[in-house]
Number of protein chains: 2
Amino acid sequence: MSKRAANNNLKKRAMTAAPDSPPTLEMVAKEAGVSIATVSRIINGTAKVSPERKDAVEAAIAKLNFRPNAAARGLALGKSNTIGVITQAIDSPFYGEGLRGIEDYLQQRGYTALFMSGNWDEQDEERCMSELLSRRVDGIIIFSGRLQDRQLAQYAKQVPLVVTARNLKAPGIFSLPVDDERGGMLATQHLIGLGHRRIAFIAGILDHPDASLRYKGYRRALAEAGIPHDPKLVVPGDFHEEGGVEATRRLLASGHKFTALFCVNDQSAYGACLALYRAGLNCPRDVSVVGFDDLHSSSYRVPPLTTVRQSIRVLGESSGAAMLQLLQGEQPNISLPQVQLVVRESTAAPQPD
Amino acid sequence: MSKRAANNNLKKRAMTAAPDSPPTLEMVAKEAGVSIATVSRIINGTAKVSPERKDAVEAAIAKLNFRPNAAARGLALGKSNTIGVITQAIDSPFYGEGLRGIEDYLQQRGYTALFMSGNWDEQDEERCMSELLSRRVDGIIIFSGRLQDRQLAQYAKQVPLVVTARNLKAPGIFSLPVDDERGGMLATQHLIGLGHRRIAFIAGILDHPDASLRYKGYRRALAEAGIPHDPKLVVPGDFHEEGGVEATRRLLASGHKFTALFCVNDQSAYGACLALYRAGLNCPRDVSVVGFDDLHSSSYRVPPLTTVRQSIRVLGESSGAAMLQLLQGEQPNISLPQVQLVVRESTAAPQPD
DNA sequence: CCGTAATTTGTAAGCGCTTACATCCGGTGT
DNA sequence: ACACCGGATGTAAGCGCTTACAAATTACGG
């Protein structure tokens, strides 16, 4: 309350070189010689105000460098104009692109995105949820989260939710599924089309839905081409570069021959390429490599990486759009562009033996 | 106000499957049969409360799934427990790592980071500032921003500021300078040590302080080794991969011979490597390449990139630490670990002619 | 068993804003 | 000239919380 706040300011002012408490509506009103209601109306354009008063108020605002207090406004309005966003790690290139899409979209429409990293940990993710709920964000976008569908449905009772890479129907939730299976097929078919028969797969974390769908697409393409699926050629990774390195190393060590490598995501593919290089193998001459995601930097790899593009950026924008529709009370009618194969230079026909 | 808010809720409830308005302190108090002051005291641990009431209140909180409204609390307390962070682009790997450091540090200490992207645009950056100020964040970290020192000093009157990659002294501001010049020297000396004499430099955006300091280090190393500085070997880039590609292409096309390439940052180096590859040149055999930043993915390039490490992650953490000290009213006493050269495989001795 | 001090608890004001409702103004129509 | 109307302003309540201060309760010594 006021004593404390004032106190605080005093302290701050004394100790750091910090702020006078910022101007309030009331100060502006006094300065301009009108009531605070009038000022509020001018700021929000919620009612007609005579030009002279308007000028006076605008002058006062400029003079005092007034900025409305978002917390107070939020309290009065019962909304924060903020959308919470939960991801696993803000420093992953994958999430980075998605967040950028979300931020861009929302910001242009007067919303602010509040990002939180779940750090690949379910508990941590719950902590984020809790924090966002406490801040009374108007909605939450879960960008590739780990929370169970059950929990999500629970949270959806408290706040509108948009979740990516899921396919669940529940009131208050909109989910944006990515066609991972088709992507997996596309990648594998490309390899098969080049003449590869022994195609290894570097998987992600086992129970992750993205990973398993991509894996499914891989098997399906194999089956359709009449190529038997050899489980020995499937090794787990971790969605990161290091997992790709490890997996490839293991694959190589196992002695099971393969001429191509489909990786669950681009980062794994980066790792795979490095491991191949270390083993003295050339990509694509000795082993073709395909990734998934088409990260920005994939086109700048040496050689540029063949991959499956799902435009994470667009995925982010679409989540933002869906959220805003949800907030309007509409049922979102967003759909994603289809995944597509981007053929670059990390794939080639296998060497004749 | 209340009519509106209630109204709103009604609407929401009808149209989406959305929330009843969340429980308030008052509801908890009623449920537990105590006053709201008591509830508040229990939540914040600000005063002793008898065990039985405490139990009753805690039960009520759990039952209602109560979470304090951060906006209301912020309003009452005059602080938001939020630190605003301005960067250029949340999807850049460079900023991503920094933000991660900041987020990690702050979150563990009860603060939330609010990220905003300035999109490499000064005006946009001002918009971010404005937004953050409006939200009454407790402090703002400017992670490699473009705002002029003058403007910064101005803003610092309103809110404590931590800025990275600057060296300015002003009340209410703490700056964390990075030793770019030393880094530039290290990189260049390494190349010289390997026997290179014709070392090109891919610069960043011209007036960017980071870029010019690195350039200065480059020239100094050259000078100290008695190698004349050839301006023909210096070409501008843009801190991104594409700029590296372009710059290298131009360098190659110019016909000026060089055996090594020092790039203003890792992303430029990625681009350079690709351009070299496209030109049929091998790195490091034909041209050695050194970057700057040591992005996570640099160690997974093929070949792994030799670069100058300044741990952006640590830079982020340090900014967070400095901010918290500033908030305590202390003069921050943070210093960064020294930049250091990380020799990997993109550099080698030049080919004998 | 009572007075008094040391708790624990409740009451109410105030943080800065929005907006319903009351008030006040000049302009119509008759 | 007067009742009436519509639009511009002002007044004040309330958003959910913290906390100073008052009130109520407890504990204790004499």
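Letters go in sequence order (proteins before strands), and every chain restarts at 1.
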Among [options], the nucleotide that comes nearest once only the side chain of [X] is considered:
X        : options                   : answer
Arg73(A) : dT18(C), dC17(D), dG10(C) : dT18(C)
Ser50(A) : dT18(C), dA8(D), dC17(D)  : dA8(D)
Ser35(A) : dT18(C), dT11(D), dT19(D) : dT11(D)
Ala76(A) : dT19(C), dT18(D), dG16(C) : dG16(C)
Ala72(A) : dT19(D), dG16(C), dT19(C) : dG16(C)

### Task
State, with a plain yes or no, whether a side-chain heavy atom of Leu132(A) is found less than 4.5 Å away from one of Ile86(A).
yes

Does [X] make a side-chain N or O approach to OP1 or OP2 of [N] shorter than 4.0 Å?
X        : N       : result
Arg53(A) : dG10(D) : yes
Thr38(B) : dT8(C)  : no
Asn69(A) : dC15(C) : no

Rounded to whole angstroms, how far apart are [atom1] on [X] and [atom2] on [N]?
X         : N       : atom1 : atom2 : result
Leu133(B) : dG16(C) : CG    : C1'   : 16 Å
Ile36(A)  : dA20(C) : CD1   : P     : 15 Å
Ile43(B)  : dC17(D) : CD1   : P     : 7 Å
Ile42(A)  : dT9(D)  : CD1   : C1'   : 11 Å
Lys30(A)  : dG16(C) : NZ    : C1'   : 14 Å
Leu25(A)  : dT11(D) : CG    : P     : 15 Å
Met27(B)  : dG16(D) : CE    : P     : 9 Å
Glu52(B)  : dT26(D) : CD    : P     : 10 Å

### Summary
Which of Val57(A), Ile61(A), Val39(A), Leu64(A) passes side-chain contact (heavy atoms from CB on, under 4.5 Å) with Glu31(A)? Answer is Leu64(A)

### Query
Taking all atoms of both residues into account, what is the closest heavy-atom pair of Phe66(B) and Leu25(B), and its distance?
CE1-N, 3.4 Å

### Task
Find which nucleotide of DNA chain D each of Val49(A) and Leu75(A) is nearest to by heavy atoms, and output the residue with the more 5' nucleotide.
Val49(A)

### Message
Over all strands shown, is Arg41(B) touching base, sugar-phosphate only, or nothing at heavy-atom distances under 4.0 angstrom?
### Response
base

### Message
Counting the atoms with a prime plus P, OP1 and OP2 as sugar-phosphate, which does Ser40(A) contact under 4.0 Å by heavy atoms, base, sugar-phosphate, or nothing?
### Response
base

### side-chain hydrogen bond (donor to acceptor under 3.5 Å, both in side chains) between Arg109(B) and Asn81(B), intermediate numbers included
CA-CA 10 Å; Arg109(B) 285 153 185 86; Asn81(B) 268 278; over 6 Å; no

### Query
Taking atom types as modelled and ignoring hydrogens, do the side chains of Ser144(B) and Gln88(B) form a donor-acceptor contact shorter than 3.5 angstrom?
no

